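Data first, discussion second: the structure below is written as structure tokens.
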Amino acid sequence: MPFLLRRFFTLLSSIFAIVTFNFFLFHIIPGDPIRLIARTQRLNAEAIAKMRASFGLDGSILSQYFRYLSKLVHGDLGYSFSFKENVSGLVGRALGNTLLLLTASTLIVVILGIAIGVFAGSRQGKKSDTATVISSLILWSMPTFWVGMLLVFTFGVWVGGLPISGISTANAVYSNGFEYFMDISRHLILPTVTLAIVDIAFFIIITRTALIDVMSEDYMLTARGKGLGRRAIVWRHGFRNAMLPVLTASALYISALVGGAIQVEVVFSWPGMGLLMYNSVLARDYPVLEASFLLTTVAVLVANFAADLLYRVLDPRVAVSK
Amino acid sequence: MSLLEIRDLHISYPNPKGEFFAVDGVDLTIEKGEFVGLAGESGCGKTTLALSIPRLLPRGSHIGAGSIHFNGVDTTALSEEGMRALRWKEISVVFQGALNALNPVHTIGSQIAEPIRIHDESVSKKQAHDRTLELLEAVGIPARRFEDFPHQFSGGMRQRVMIAMALSCMPKLVIADEPITALDVMTQAQILDLLRSLCDRYSLSMLLISHDLSVLAQTCDRVAVMYAGKMAEQGPTSRVFGNHGAKHPYTQRLLSAYPNIKHERKFIDGIPGYPPDLSQEQVGCRFADRCDVALSRCATEVPELIDIGGGQSVACHLASDIRAGVQ
Amino acid sequence: MMKRDRTSANHGFWYFMGKLWADRMGRWGLIALAITTFIAVICPIFFPFDPSKVGADAASILTGPSKTHLLGSDELGRDVLRQFFTGARISLFVGIMATVISTIVGSGLGIFAGYYMGRLDGILMRITDFFLVVPALPLMIALGAIFGQNITVIIMVIGFLSWPRTARIVRSQTLSLRQRQFVPRAKSLGSSNLRIIRTHIVPHVMPLIVANTILVVAGCILSEATLSFIGLGDPDRISWGTMLHFSFVSGAIGRGAWWYFLPPGFGILFIVLGFTLVGHSFEKITNPRLGGSE
């Protein structure tokens, strides 16, 4: 499979590029992160030297770079001064929580977004379509974190009823696994809804436009000519073709999703990569910021790789000709 | 009873200037087993007329007056459900440009088989599959290509797929809209032969649309020539395309643009001027501005389609004068 | 930009304004933009915000709307309405400046890649794709955290990370222009490449760039709000995002101080929606193929 190989090679080279970029970003450009830290925290010379070594900042740039690479390969992401813990452990836990949040909201976004987008697109120009488009544009124009703040205000202060912070109730004792599961699920509701609200708008608009484009294709007329019902025309003939441009836009979506997740985690104190990033910014904890940035980016690259593969599966034209 | 009888049909589209009268009072009859050709420049309303039969016109288009009787049933009065039952089962279409008319993400086999089970629920999957294989064989595509996708076929092969698809429910009428336009000359002849022989074999009627008169001359029993939304002339192919058979100046100009139907080809935009703007109200003969032999009354009086004998009818003041003179 | 546009499409600025006004979405967008621009430009002159003018005692902190403070006070007892006016100015300023950078970089790269094609195109597009895929917000946060909290850094960070889409769009348009007749003809007449780009390419991609730019402003304003909310805003120049940051960290939500976190949020929604509507409407006008979409 030459395509798979080639695409995989692109993925690897992108990851390599981002690793290198990451190295220069945090080790070279700001001059010296230690000085930045020393500016905010009073440190003596001995502490600075120790820190310098732990950052891998002794020796030439090239040797620093290779040391950085070999550490990375061994899963050593450094030590966090603000959390007093190895970064890899911190990041590992956070990644799981973020994935939980992303999976939940992506499911909602994809299912509802496609359904609503197809609904609107197949009723182009009608009132229900116009209403969908306008509400989507309004939702899209709201900052994700502000939507979160509104929900926190509504469900935490005004009406109440749903947990607005964290992933589980503090100091809770669970009698069984199901209770624990339910507790997490309840905590998951508002962050998921917040993240879904804004991203679903994006998805609706893209799906709608794609479907409208497809509806004017000749093969849709063929489908009508065959005597198919409206539903079969839209779903069997229009939908799969409309999904191709939607998948092409998935890179944008994935980027938006990650950006949204960071904001949501901050607002709801969801202990994931975004909150970790936020806290490391506040504490100027560079090893943590660096690792969470690197990991997030690599995850996005891998997600895009997966989207590309899915495209090949859905579109027989590329699958065979390449 | 004729298979298809269109009477005084009017079709209009909304456009920025108001309304565009694409088909303006057209009659057309097709008998069972008959091949009828429909000719005319692009934009003359021939595709609109054809697609109005299975009611596949774009949204917004409007059948203003007139009737379409198919097998005795007035289809303009049918509900959408009723029309759906007729589509493909009774009236199928071979669309122009099969690459775009075939869905790129489904195999050609499944696309051919699809309408079979929609219109007859008693057919099993296996039967539909077998039927599709027969159809593929009939159009000359090997059975092993059942699972292939449209983009894996050449233009001619795709048009064969399209033909197999059009025949999948054994309709009574096949509408072929410029079926060979995008193909090279050799393939054109093959596809045309195939279409003709299959319709013959299953004794289907066909409405063949083409701007290429030689194609119609080779294939059809009868031809109809449209100009600017109206029927200009129609009659048996042998008469209209025969020596001095064409009576309408437009038909004559079209034919003279093809000095030798079988050999050298020129294109029909050899007629100076443009067809009239159909969003305006029309006065007199629509061809008058481009006609060398126009009379003064051509600018004011609309010529009626008159039977001039031998099954031929013409919408031209000159022709009616000729007939009056003869009588 | 509008001036250049006039020569390009043979239509003046007012022609497009009229077209936008005739479109329902465009009209609402223009109204939203006019109102926000008025707030951003005029209001701070008459109601300046003085960050040092803090409340005298605890009783003046986070108070609800009253005669002295029409939109209440913040966690330091300062007037929220005056802050809101200034915030409009900073949000709009950062959004527009970042867009200028993004448009120059994006259109420049797009035109050069599309015009020269070949290897240059390959390299530039690899870089573009890389930045298209790398998630913007984490990168902005990383850069913002490293280079410090000031308005120039924020403008640069947002501007230099928002160009890839523009580059992609402009490149494909340039590429299709390049294939047309007039480029080889101009070349055979001895025009230099730069001259051809200036006289033949730029005028034709301009409507596309303008439409795209309007949409980029919306994105840049949202990015600014998000970065400021994360805590990377310039503390001396309060934008709507910064206001939301302080309202969040000061616990305004928990205390039900809606007058503090609702206005800036609605402000952002209002202006982003305004730019989005105008952008979509403009796209429809310059690209009639999209005309049927509403």
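Per chain, numbering begins at 1; letters A, B, ... match sequence-line order. No experiment lies behind these values; they were computed from the predicted model shown.
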Quick one: which of B/P58, B/P115, B/C169, B/A85 has the most heavy-atom pairs under 4.5 Å with chain A, could you say?
-> B/P115
Side chain, backbone, both or neither: which part of A/L228 has an atom under 4.5 Å from a heavy atom of chain B?
-> both
Using a 4.5 Å cut-off on heavy atoms from C-beta on, say whether the side chain of B/S52 contacts that of B/I68.
-> yes
Parallel, tilted or perpendicular: which fits the ring planes of A/Y253 and A/F202, with parallel below 30° and perpendicular above 60°?
-> parallel
Given that the side chain runs from C-beta out, which part of B/Q111 has a heavy atom under 4.5 Å from chain A: side chain, backbone, both or neither?
-> both
Side chains of B/L136 and B/F146: does their closest heavy-atom pair fall under 4.5 Å?
-> yes
Applying side chain to side chain contact (heavy atoms under 4.5 Å, CB included), run through B/E134 and B/E137 and close with a yes or a no.
-> CA-CA 5 Å; B/E134 281 168 33; B/E137 199 203 326; 5.6 Å; no
Does CZ belonging to A/F181 count more than 12 external heavy atoms closer than 6.0 Å?
-> no
Considering non-hydrogen atoms only, spot the tightest contact between B/S205 and B/L3 and give its length.
-> OG-CD2, 3.2 Å
Heavy-atom proximity to chain A below 4.5 Å, by part of B/I175 | neither
Which bit of B/M165 comes within less than 4.5 Å of chain A, counting heavy atoms only: side chain, backbone, both or neither?
-> side chain
Comparing B/T107, B/I118, B/L86, B/I91 against chain A, the one with the most heavy-atom pairs below 4.5 Å turns out to be B/I118
Heavy-atom distance under 4.5 Å between the side chains of B/P171 and B/E90, does that happen here?
-> no
Which of B/R55, B/E114, B/E80, B/E81 touches chain A most, by non-hydrogen pairs under 4.5 Å | B/E114
Please look at B/P54 and chain A and tell me whether the side chain, the backbone, both or neither of the residue comes under 4.5 angstrom of a heavy atom of that chain.
-> neither
Pick one of side chain, backbone, both or neither for B/V93, based on which atoms fall under 4.5 Å of a heavy atom in chain A.
-> neither
